[in-house]
Amino acid sequence: MSKYHFNDIEAKWQKYWAENQTFKAENNSERPKYYVLDMFPYPSGAGLHVGHPLGYIASDIYARYKRHKGFNVLHPQGYDSFGLPAEQYAIQTGQHPKKTTEENIARYREQLDKIGFSFDWSREVRTSDPNYYKWTQWIFIQLFESWYDTIEDKAKPISELKTLFDSEGNTKVNAVCDSDTELFSAKDWNAFSEEEKQQILLKYRLTYLAETEVNWCPQLGTVLANDEIVNGVSERGGYPVVRKKMKQWSMRITAYAQRLLDGLETIDWPQPLKDSQTNWIGRSKGASVTFNVIPNVTSSAVEKSHTIEVFTTRPDTIFGVSFMTLAPEHDLVSKITTPEQKDEIEAYVEASAKRSERERMADVKTISGVFTGAYAEHPFTGKPIPIWIGDYVLAGYGTGAVMAVPCGDQRDYNFAKHFNIPIPNIFEGVDISEEPFEDKENTIIANSDFINGLNYAEATQKVIEALEAKGQGEGKINYRLRDAVFSRQRYWGEPFPVYYKNGMPQMIGLEHLPLTLPEVEKYLPTEEGEPPLGRAEVWAWDTTKKEVVHNDLIDNKTVFPLELNTMPGWAGSSCYMFRYMDPTNEDVFASKEALDYWGNVDLYLGGSEHATGHLLYTRFWTKFMHDRGYFKVDEPVKKLINQGMILGESAFVNRWEYGISDNEGVSKKKAIFISDDIIKRSIKEEIFISEFNNKTKEIYSNLISFHHGLMLGESIPSRNQFTPIPADVSFVNLQNELDIEAFKNRRPEFKDAIFIKEDNGSFIVSREVEKMSKSKYNVVNPDNICEQYGADTLRMYEMFLGPLEQAKPWNTAGITGVHSFLKKLWKLYHSPFEGGQGDVSEFFVSENPASKDSLKTLHKTIKKVQEDIENFSFNTSVSTFMIAVNELTAQKCNSREVLEPLAVLISPYAPHIAEELWEKLGNEGSISTVPFPAFDAKHLVESSKEYPVSFNGKMRFKLELPLDLTPDQIEEAVMAYDKTQEQLQGRTPKKVIVVPGKIINIVG
RNA sequence: GCAGAAGUGGUGGAAUUGGUAGACACGCUGGACUUAAAAUCCAGUGGGCAGUAAUGCUCGUGCGGGUUCAAGUCCCGCCUUCUGUACCA
């Protein structure tokens, strides 16, 4: 006995860790804290594939390393367990999403446990657990009860705002609010009805209910946030998205736009991720300008005076305005359109509303628009400017209207050219007959009254001053970021703690939370188009009994209807990292002591796909919680690393498209699959048809006669004569040979297919690297790897694949190298059993001092591994371990002095084998908190160096010299050396470069 | 279009401030052990040329220039691939 029985060893230690709560973090500790967090997993039905644990393994190594370094490490894990897939599955099967979610979590847990992570499971949270979402609802109420003060630049309780309104109205209040908020005095305010007051306060609350234009996805039956839409279709499922007006809860994230930008300076996140947040927030500096619409006396439609507000980044070009364009959805469109233009405008508005976002994006080339018949007055020249509508102007950005300056903007230029609108030139010495002049750095303004001859900056300044003097504009900063829609018309999410009294939302008292999700008989919207919660029969709030009661009791006096929407996926994941600090606290979100002790996350590992969604919302909520005094910190994550995706190597069987189309159609066509090596060879050697014919004839002679004539062509083979059909990678071995029977069983439609094989009888698939996913049949499961090679091998191999941040394909071929490394490591601690046979050996370490060489190996390994971990370069430390074990094996090292620290060094990477060896070495307890071996430079001190000697930069030979020589002595020694003279062949060197301890270069 | 990252053997990848390019591993080739296979162990392995050989020469880090005694690494100009993002006024 003493082979490396990894299965037994791993099961033993996983059990030990669980029973002894080895990785439980303390909220009170003398040791310094360190918080390592992983991406919050959504427990999908497909389970984990080998790509998922990559980041978890890296963070686990780091967490374990930090424990060896004496830190109190918080390394929790939990589940983001609300979400669409479970609900879609529920709709299809009728199973409660709670049930499938729990099953999926159980499977995830089993898989995670097998890999040997050092999670503190006592802190597990699940977003779908009422004890957890109670606090999500609580945060929602805090947001509802807050407004944003733009002077102090922080969120404050709404009660303070009411006090201000009581005493001075809203005229002097500096707050973030809806753009249509009207001004009122204290007197007005006090005269308002309670309902009117509530209506006004909604315009200030950080979460508010409003009629907003949303992205509606009919197939998913819900609205989506901007970051949930990719290329105009839903991120999940890829369904079309249309624009629709709905009453929705929104989050006033725009209040935090500037702070979300500024905060990026303070955190150590990858630049690309910061860049994408910066772009998403989209800050641009310019001015808002108000244009007065010229009343049209002949038109009854234009009676009132209207104004159009626009945002521009180029106030300096204001004299170049030759028309204005409104988004088709703009409120003014119906009000200013003249009767003559009415039909045409209405047709255009209707057509553009029907166009999905995707269509609009797909065709950016087509220029379209309609003249409204109305004119606006230029603020300086007073000239009339025609007002158009066009869908190149987006309703959602700025004010949904632009002052068009065709000479200085490509889109305005295209529009003007297309509709023959004049293009006045306001740039000095620039030809705009072919294209606009968009370069603001080299602008000199002309034909522009009081700003002639000025550059961009000067002109902008002057124009803003002039606009302010006229009361028709001001300098302004605009953000692309929109308020985030927070309602989803779905079942499987957090219920809002909200009921409606006269249509006005009311919060349920904090002491009555959680408001738990009701039961429904179906997970679909109601026939009336209400969300699934509309099907719940017990879903009304009794304000006297303070409980949820049957809908029949609704009287709108004491019993009121509850909100039917649920919260989006990001609700539960925006503050979870803080709840881990005190996850079982029933009285508060987390105790002040716990929040203050742990602060924020020191290291987070996750993919870059959450850049503009989850990671932005998390920063927003954290800043909000900070403002309201709950969190000491205002950023959730100090350092963030994006792990690269592990890609799958898909396998394809190549179907020969031999072009048969008999009278009865393609369905009769027999599938012929051709082994990939034959195809490659055929293409290379141009032996296409004859080879296939011969092979086909052998296997299925009837086919030749059946398809006679079509097999005889002498066309030159090419790849496009073959269609790659995906084959499950589990049916393919390391030699790319397909298990044909297994393939046929999985794909019955090919059970009669013909397989043209290699001469040796094998069938070779072609390979392609793609994203790993169930739909591509290229998923590799970690469980099988753990079973076959062990978790320690899996952990080390995932790290060995390459740099953490880089995307890389998974290829199981290399895993044997890592596995045999662990076997060699094991062997190092064992010696042949006396009188035994073969590889039978027993544990053995000697107490004798280690050799100088072995100590050198150990210490250079300590140095390198420590540096690697701190630089997150885990792939290189795996190589370092291999080198160390190879060297120690060669040195026949069996000394405890070296082998004991070696086990500690390797334990973050391969914890199970390290624990086992640690125990065999006679130690008590877990290796996990043993101090990391100290590096001692004295073992690396050398007395001589084998210098590479170069001639004109090319290394020719090596020369061993003592390290204590001066450069002059080195030069002397080199020049005296035979080989030097041989190289020089009598020439005298021009120069000799000596870098002591590094290199010698002889020039000449 | 814009922004970012990356291009090194048959493959994954090393090379920390410019200083021996290809560490480590896979794969492949040869050998040992075995009836055989697996496993294990040993040796070799960037291309080309010369040599029986030891060895020597030469070309080589996407392409073209440059700086330097010395460039995968620094500078300038291109090419390709990937990843975000896109009518943002």
Side-chain angles (χ1 to χ4, degrees), chain A residues 230-231 270-276 278-280 282-284 286 310-314 317 324-325 327 360-361 363-367 390-394 396-405 408-412 414-415 478-482 608-609 611-612 642 644-645 647 734-735 769 797 800-803 805-818 820-821 823-824 827 838-839 864 867-868 871 873 875-884 886 946-958 989-995 997-1004:
Chain A
V230 178
N231 295 329
Q271 199 56 43
L273 202 152
K274 288 186 182 183
D275 289 347
S276 63
T278 305
N279 293 337
W280 190 262
R283 181 185 201 268
S284 52
V310 301
F311 173 74
T312 176
T313 54
R314 296 292 304 272
T317 63
M324 302 190 71
T325 315
R360 249 175 119 162
M361 281 165 67
D363 118 271
V364 294
K365 296 255 150 54
T366 317
I367 295 159
D391 68 5
Y392 80 96
V393 176
L394 304 177
Y397 183 74
T399 59
V402 301
M403 57 172 228
V405 182
D409 181 278
Q410 187 69 54
R411 289 150 309 161
D412 296 343
N414 295 346
F415 196 86
N478 202 42
Y479 299 92
R480 194 185 81 119
L481 184 71
R482 300 271 62 97
S608 53
E609 65 272 25
T612 53
N642 283 139
M645 204 189 312
L647 304 164
L734 289 179
Q735 282 72 46
V769 172
Y797 184 57
F800 189 59
L801 279 175
E805 279 117 316
Q806 209 170 291
K808 52 213 161 251
W810 176 264
N811 181 352
T812 316
I815 203 166
T816 53
V818 171
S820 53
F821 154 74
K823 285 198 270 191
K824 278 189 231 166
K827 251 168 97 177
D839 59 8
K864 176 86 172 118
E867 284 167 0
D868 282 348
N871 292 317
S873 173
N875 55 326
T876 49
S877 23
V878 178
S879 304
T880 304
F881 286 127
M882 288 174 170
I883 294 166
N886 288 347
E946 198 180 27
Y947 279 95
V949 182
S950 300
F951 291 78
N952 298 318
K954 287 188 182 106
M955 204 278 289
R956 293 303 178 188
F957 57 82
K958 288 172 191 167
K990 283 191 198 129
K991 206 190 213 178
V992 178
I993 311 271
V994 175
V995 184
K998 287 240 163 161
I999 199 169
I1000 298 158
N1001 190 15
I1002 298 169
V1003 187

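Letters A, B, ... mirror the listed sequences (proteins, then strands); counts begin at 1. Fair warning: this is a prediction, and the values are worked out from it, not measured in the lab. For the numbers below, each heavy atom of this structure counts, side chains included, while hydrogens, waters and symmetry mates do not.
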Using a heavy-atom cut-off of 4.0 Å across all strands, would you classify [X] as base, sugar-phosphate, or nothing?
X	answer
V402(A)	base
N1001(A)	base
F800(A)	base
Q806(A)	sugar-phosphate
P803(A)	sugar-phosphate

> In terms of the angle between their ring planes, are W810(A) and Y797(A) parallel, tilted or perpendicular, with boundaries placed at 30° and 60°?
Replying inline: perpendicular
> Using 30° and 60° as the class limits, which term best fits the ring planes of F415(A) and Y392(A): parallel, tilted or perpendicular?
Replying inline: tilted
Can you tell me the distance, in whole Å, between the [atom1] atom of [X] and the [atom2] atom of [N]?
X	N	atom1	atom2	answer
N952(A)	U68(B)	CG	P	15 Å
F957(A)	U20(B)	CZ	C1'	13 Å
N279(A)	A3(B)	CG	P	10 Å
R956(A)	U55(B)	CZ	P	16 Å

Counting only side-chain heavy atoms from C-beta out, which of [options] sits nearest to [X]?
X	options	result
R480(A)	C69(B), A86(B), A89(B)	A86(B)
M955(A)	U17(B), A21(B), G84(B)	A21(B)
T816(A)	C26(B), C24(B), C69(B)	C26(B)
S879(A)	C24(B), C69(B), A3(B)	C24(B)
K823(A)	C69(B), U40(B), C88(B)	U40(B)
N875(A)	A25(B), G13(B), C59(B)	G13(B)
P272(A)	U85(B), U20(B), G4(B)	G4(B)
T876(A)	C69(B), C87(B), A14(B)	A14(B)
K998(A)	U17(B), A25(B), A23(B)	U17(B)

>> Return whichever of I999(A) or G953(A) has its heavy-atom-nearest nucleotide of RNA chain B closer to the 5' end.
In response: I999(A)
> Does the U40(B) base have a donor-acceptor partner in the side chain of K824(A) within less than 3.5 Å?
Replying inline: no
With a 4.0 Å limit, can you tell me whether [X] has a side-chain N or O closer than that to the phosphate oxygens OP1/OP2 of [N]?
X	N	value
N414(A)	C87(B)	no
K958(A)	U20(B)	no
N871(A)	U16(B)	no
R411(A)	C88(B)	yes

Going by purine N1 to pyrimidine N3 plus the second Watson-Crick contact, or the G-U wobble pair, all under 3.5 Å, which nucleotide sits opposite [N]?
N	answer
A5(B)	U81(B)
G64(B)	C76(B)
A50(B)	U55(B)
C41(B)	G31(B)

> Can any side-chain N or O of D409(A) pair as donor or acceptor with the backbone N or O of V405(A) at less than 3.5 Å?
Replying inline: no
